[in-house]
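Reviewing the structure listed below.
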Amino acid sequence: MYELKTKETENSVIEFIEQIGHPGKREDAYKLLDIFTETTGDPAKMWGPSIIGFGSYHYKYASGHEGDAPLVSFSPRKAKISLYLAPGDDQREALLKDLGKHTSGKGCVYINKVADIDVEVLKELIRQSVKFLRETYPGGE
């Protein structure tokens with residue numbers, strides 16, 4: 001049976017951020033912590049060793065695979081900062097056009113630094129992602 005690698009942990013978000021070696025990336029992690037906390041209203045929790053997540057939901061796929069995941073999250077990686085936002089929301093693509101300098105994959109948006117993006121657009125992306133996941137997977141947090 002497949003076991004999820006990324007689970008909520010009791011590790012300290014602040015201790016994790018303090019261990020980020022690059023001062024600019026550490027400062028951006030604190031900015032994102034404030035943005036995500038303020039926008040979701042949920043406290044930050046560590047998911048796995050390096051993802052800072054907010055809220056949670058339980059998903060179950062047609063395949064039978066199920067698990068828990070944060071509604072939205074971010075991870076200050078070495079190369080770029082990963083923002084994990086729901087890929088299924090119709091408004092996501094339109095919002096991404098106005099976000100600023102970024103690249104994106106299916107469930108991730110990658111930025112170099114917070115100064116490269118429009119924070120108000122990020123907040124709307126967070127709100128849309130949370131709304132979409134709560135409607136798609138009701139009964140979560």
Side-chain angles (χ1 to χ4, degrees), residues 1-22 24-141:
M1 175 98 182
Y2 176 78
E3 174 129 4
L4 281 175
K5 290 185 182 85
T6 307
K7 294 181 181 176
E8 187 177 323
T9 71
E10 294 298 319
N11 296 345
S12 166
V13 170
I14 301 301
E15 283 178 20
F16 169 71
I17 292 174
E18 284 299 315
Q19 292 172 3
I20 297 170
H22 188 279
K25 200 151 283 199
R26 187 170 49 247
E27 184 179 318
D28 276 350
Y30 278 118
K31 286 179 188 171
L32 289 169
L33 179 64
D34 288 344
I35 292 165
F36 276 74
T37 301
E38 174 190 315
T39 307
T40 65
D42 291 316
K45 305 268 186 167
M46 290 301 302
W47 286 75
S50 61
I51 295 175
I52 300 169
F54 302 81
S56 67
Y57 69 100
H58 185 79
Y59 61 86
K60 186 170 186 174
Y61 299 138
S63 65
H65 176 77
E66 64 181 298
D68 297 304
L71 290 166
V72 289
S73 56
F74 72 91
S75 182
R77 309 264 185 209
K78 258 193 173 87
K80 294 186 183 270
I81 298 169
S82 301
L83 308 174
Y84 301 97
L85 305 160
D89 181 44
D90 295 341
Q91 297 178 19
R92 179 183 164 159
E93 290 308 312
L95 287 167
L96 285 176
K97 286 183 174 81
D98 295 329
L99 181 62
K101 187 177 174 185
H102 75 280
T103 56
S104 60
K106 185 176 179 187
C108 280
V109 174
Y110 305 98
I111 64 171
N112 290 320
K113 56 187 182 281
V114 174
D116 288 344
I117 62 167
D118 183 326
V119 170
E120 292 309 311
V121 174
L122 173 59
K123 288 178 182 179
E124 189 56 32
L125 278 162
I126 293 167
R127 283 191 286 271
Q128 290 297 331
S129 186
V130 168
K131 180 177 184 277
F132 172 79
L133 289 170
R134 285 195 172 135
E135 288 172 356
T136 306
Y137 302 98
E141 198 176 294

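Quick caveat, the model's predicted, so the values are computed rather than measured.
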Does atom NZ of Lys31 have more than 12 heavy-atom neighbours, drawn from other residues, nucleotides or ligands, at distances under 6.0 Å?
yes

How about Phe74 and Phe36: are their ring centroids closer than 6.0 Å?
yes

Step by step, would you call Lys131 with Glu135 a salt bridge (charged side-chain N to carboxylate O under 4.0 Å, His left out)?
CA-CA 6 Å; Lys131 180 177 184 277; Glu135 288 172 356; 3.2 Å; yes

Check whether any side-chain heavy atom of [X] lies under 4.5 Å from a side-chain heavy atom of [Y], and answer yes or no.
{"X": "Ile17", "Y": "Ile52", "answer": "yes"}
{"X": "Leu32", "Y": "Leu83", "answer": "yes"}
{"X": "Val121", "Y": "Ile117", "answer": "no"}
{"X": "Glu8", "Y": "Asp68", "answer": "no"}
{"X": "Lys123", "Y": "Ile35", "answer": "yes"}
{"X": "Ile126", "Y": "Leu71", "answer": "no"}
{"X": "Thr136", "Y": "Tyr57", "answer": "no"}
{"X": "Val109", "Y": "Ser104", "answer": "yes"}

Would you call the rings of Tyr137 and Tyr59 parallel, tilted or perpendicular, where under 30° means parallel and over 60° means perpendicular?
perpendicular

When you look at Ser75 and Trp47, which way does the side-chain contact (heavy atoms from CB on, under 4.5 Å) test go after all the steps?
CA-CA 10 Å; Ser75 182; Trp47 286 75; over 6 Å; no

Between [atom1] on residue [X] and [atom2] on residue [Y], distance to nearest 0.5 Å:
{"X": "Ile14", "Y": "Gln19", "atom1": "CD1", "atom2": "CD", "answer": "12.0 Å"}
{"X": "Met46", "Y": "Lys7", "atom1": "CE", "atom2": "NZ", "answer": "15.5 Å"}
{"X": "Thr9", "Y": "Phe16", "atom1": "OG1", "atom2": "CZ", "answer": "10.0 Å"}
{"X": "Ser73", "Y": "Leu85", "atom1": "OG", "atom2": "CG", "answer": "8.0 Å"}
{"X": "Ser129", "Y": "Phe54", "atom1": "OG", "atom2": "CZ", "answer": "12.5 Å"}

Give a yes or no on whether a salt bridge exists between [X] and [Y], defined as a side-chain N under 4.0 angstrom from a carboxylate O.
{"X": "Asp116", "Y": "Lys113", "result": "yes"}
{"X": "Glu93", "Y": "Lys97", "result": "no"}
{"X": "Arg134", "Y": "Asp42", "result": "yes"}

Tell me the closest heavy-atom pair linking [X] and [Y], and the distance in Å.
{"X": "Gly53", "Y": "Pro70", "answer": "CA-CB, 3.7 Å"}
{"X": "His22", "Y": "Gly24", "answer": "ND1-N, 3.1 Å"}
{"X": "Ala29", "Y": "Pro76", "answer": "CB-CG, 4.2 Å"}
{"X": "Glu120", "Y": "Asp118", "answer": "N-OD1, 2.9 Å"}

Using atom types as modelled and distance alone, determine if a side-chain donor or acceptor of His102 lies under 3.5 Å from a backbone N or O of Gly100.
yes

Side-chain donor/acceptor of Lys25 to backbone N/O of Lys78, under 3.5 Å
yes

So, applying side-chain hydrogen bond (donor to acceptor under 3.5 Å, both in side chains) with Gln91, which one of Gln128, Glu124, Arg127 is it?
Gln128

Is there a side-chain contact (heavy atoms from CB on, under 4.5 Å) between Arg77 and Ile51 once you walk through the steps?
CA-CA 9 Å; Arg77 309 264 185 209; Ile51 295 175; 3.9 Å; yes

Please walk me through it: do Lys45 and Glu10 pass salt bridge (charged side-chain N to carboxylate O under 4.0 Å, His left out)?
CA-CA 7 Å; Lys45 305 268 186 167; Glu10 294 298 319; 5.8 Å; no

